[in-house]
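Here's the structure we're looking at; comments come further down.
Being a predicted model, the structure only gives us computed values, none of them experimental. Counting begins at 1 with the first residue of the sequence. What's counted below: heavy atoms across the whole structure, side chains too, no hydrogens, waters or symmetry copies.
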Amino acid sequence: MSYELHYWPTIQGRGEFVRLALEAAGAPYIDVARVEGKAGQGVPAMLRYMEDPAEVHPPFAPPFLKDGAVLVGQTAAILHYLGPTLKLVARSEQARAWTQQIQLTIADMVTEAHDTHHPISSGLYYEDQKPEALLRAKAFCRERLPKFLHWFEAIVARNPGGLRHLVGGKLSYADLSLFQLIEGLRYAFPKATQRVLAQTPLIVELHDRVAALPRVAAYLRSERRIAFNEQGIFRRYPELDLG
């Protein structure tokens, strides 16, 4: 039986972190909103789950995952749920908690990257908040981006399992998510990101190892990988790239 991933059909967004885990593990899944010509599927199906008054555990927003009768929302919670089955997390409870802590930190940085172009409200256009966005981007590029990436560099350097992964000696969903985070930052803030990555070689090497994994590499070349665009979380506005 295939997993059902529900997310917006034209952006990578937060759903991409889940897609990467499913793709890397070779797990069967349906990207529901991108399936055409099937009654009851697509975006309407996604919205029904969110709005159905009979749903006991309604998701607040996409992405969410349907696994049989189980419905799980929030990117980090989905990955925590999938991790053991997809063998993308270690067995010990301590390692699982640490992997989830890293994932939640990645989620924090994703939110901060998003808020550079929507610092006041997601309900407003970027053009309606450009002065505030410039101030937010300045702080992000010069303070927050280095702080986050140096932290990831430090935990790779301190990993008792070696320098190839964030947790232990095997690939985890946190490694995949850090890859996606770096991809997004390079797209949205190429100058600022390169300045920091020049100081953090271990996470650059980790990123490159993930990109070279056969299943990940095949996915990145495929039509299933949606290109970055200015409707997603990571948006390229050159005036906000304060490198």
Side-chain angles (χ1 to χ4, degrees), residues 1-7 12-32 46 49 57-111 148 151-156 158-184 202-203 205-220 224-225 233:
M1 185 173 63
S2 297
Y3 295 107
E4 293 183 9
L5 174 63
H6 291 262
Y7 197 63
Q12 290 185 19
R14 292 175 173 85
E16 191 67 11
F17 296 93
V18 182
R19 290 190 192 104
L20 278 167
L22 293 166
E23 292 281 351
Y29 76 100
I30 300 170
D31 207 339
V32 177
M46 180 176 76
Y49 280 114
H57 301 134
F60 178 74
F64 56 89
L65 184 88
K66 190 171 187 296
D67 178 19
V70 178
L71 198 62
V72 185
Q74 290 284 0
T75 302
I78 296 169
L79 293 171
H80 184 69
Y81 173 80
L82 287 172
T85 302
L86 301 186
K87 297 182 180 180
L88 290 174
V89 69
R91 294 182 179 181
S92 76
E93 191 63 31
Q94 182 181 17
R96 291 184 185 187
W98 176 227
T99 306
Q100 182 71 341
Q101 180 180 332
I102 297 169
Q103 185 65 42
L104 289 168
T105 306
I106 291 171
D108 287 344
M109 191 176 190
V110 169
T111 297
F148 275 107
W151 183 78
F152 295 125
E153 180 81 358
I155 63 176
V156 173
R158 300 173 192 176
N159 179 12
L163 302 179
R164 296 182 60 82
H165 300 286
L166 287 164
V167 183
K170 294 183 179 180
L171 181 74
S172 72
Y173 64 78
D175 295 322
L176 295 162
S177 291
L178 182 61
F179 161 82
Q180 175 62 12
L181 177 65
I182 292 174
E183 287 283 288
L202 295 178
I203 61 172
E205 292 169 4
L206 189 156
H207 165 279
D208 294 347
R209 280 192 294 272
V210 169
L213 293 170
R215 286 174 177 157
V216 173
Y219 168 62
L220 297 177
R224 299 189 303 280
R225 173 73 163 183
I233 293 172

Flag the pair L220 / V216 as yes when at least one side-chain heavy-atom distance between them is below 4.5 Å, and no otherwise.
-> yes
Are the side chain of Y7 and the backbone of R14 linked by a donor-acceptor contact shorter than 3.5 Å?
-> yes
Heavy-atom pair of closest approach, residues L5 and P63 = CD1-CB, 4.3 Å
Give the table of side-chain donor-acceptor pairs shorter than 3.5 Å for residues 88-96, with sequence neighbours excluded, one pair per line with atom names and distance.
unit_1 : atom_1 : unit_2 : atom_2 : d
S92    : OG     : A95    : N      : 3.0
R96    : NE     : A90    : O      : 3.1
R96    : NE     : R91    : O      : 3.4

Has the side chain of R164 got a donor or acceptor atom that lies under 3.5 Å from a matching backbone atom of K170?
-> no
Nearest 0.5 Å please: distance from the CG atom of L166 over to the CD1 atom of I102.
-> 5.0 Å
Indicate yes or no for a side-chain donor-acceptor contact from R215 to the backbone of A25 under 3.5 Å, with no hydrogens or angles considered.
-> yes
Residue pair R19 / D31: nearest heavy atoms and the distance that separates them = NE-OD2, 2.7 Å
In this structure, which one of Y29, Y3, Y81 forms a side chain to side chain donor-acceptor pair (under 3.5 Å) with D67?
-> Y81
Looking at CG of L178 and CG of L20, how far apart are the two atoms once the value is rounded to the nearest 0.5 Å?
-> 11.5 Å
Salt-bridged, R224 to E23, with N to O below 4.0 Å?
-> yes
Determine the minimum heavy-atom distance between I30 and S2, stating which atoms define it.
-> CG1-CB, 4.1 Å
In this structure, CG of L65 is separated from NE2 of H6 (nearest 0.5 Å) by 8.0 Å
Given side chains that start at C-beta, do those of V32 and M46 come closer than 4.5 Å, heavy atoms only?
-> no
Is it the case that more than 12 heavy atoms not belonging to H207 sit under 6.0 Å from its NE2 atom?
-> yes
Pairs involving residues 97-110, ordered by first then second residue, that meet side-chain hydrogen bond (donor to acceptor under 3.5 Å, both in side chains) (sequence neighbours left out) | Q100-Y173, Q103-S177
Scan for side-chain hydrogen bond (donor to acceptor under 3.5 Å, both in side chains) pairs involving residues 70-79, sequence neighbours excluded, and state none if there are none.
-> none
Might you point out which heavy atoms bring F64 and G73 nearest each other, and give the distance in Å?
-> CB-CA, 3.8 Å
Would you check if the side chain of K66 reaches a backbone N or O of G68 as a donor-acceptor pair within less than 3.5 Å?
-> yes
Rounded to the nearest 0.5 Å, the CG atom of L176 sits from the CZ atom of F17 at a distance of 10.5 Å
May I ask you to decide whether R225 forms a salt bridge with E183, counting only side-chain N to carboxylate O separations under 4.0 Å?
-> yes
Donor-acceptor contact below 3.5 Å, side chain D175 vs main chain V210 | no
About how many Å separate CG of L86 and OG of S172, when rounded to the nearest 0.5 Å?
-> 12.0 Å
List the steps, then state whether side-chain contact (heavy atoms from CB on, under 4.5 Å) holds for I182 with F152.
-> CA-CA 11 Å; I182 292 174; F152 295 125; over 6 Å; no
Find the distance between CD (E16) and OH (Y219) and round it off to the nearest 0.5 Å.
-> 3.0 Å
Looking at A217 and A211, what are the two nearest heavy atoms and their distance?
-> CB-O, 3.4 Å
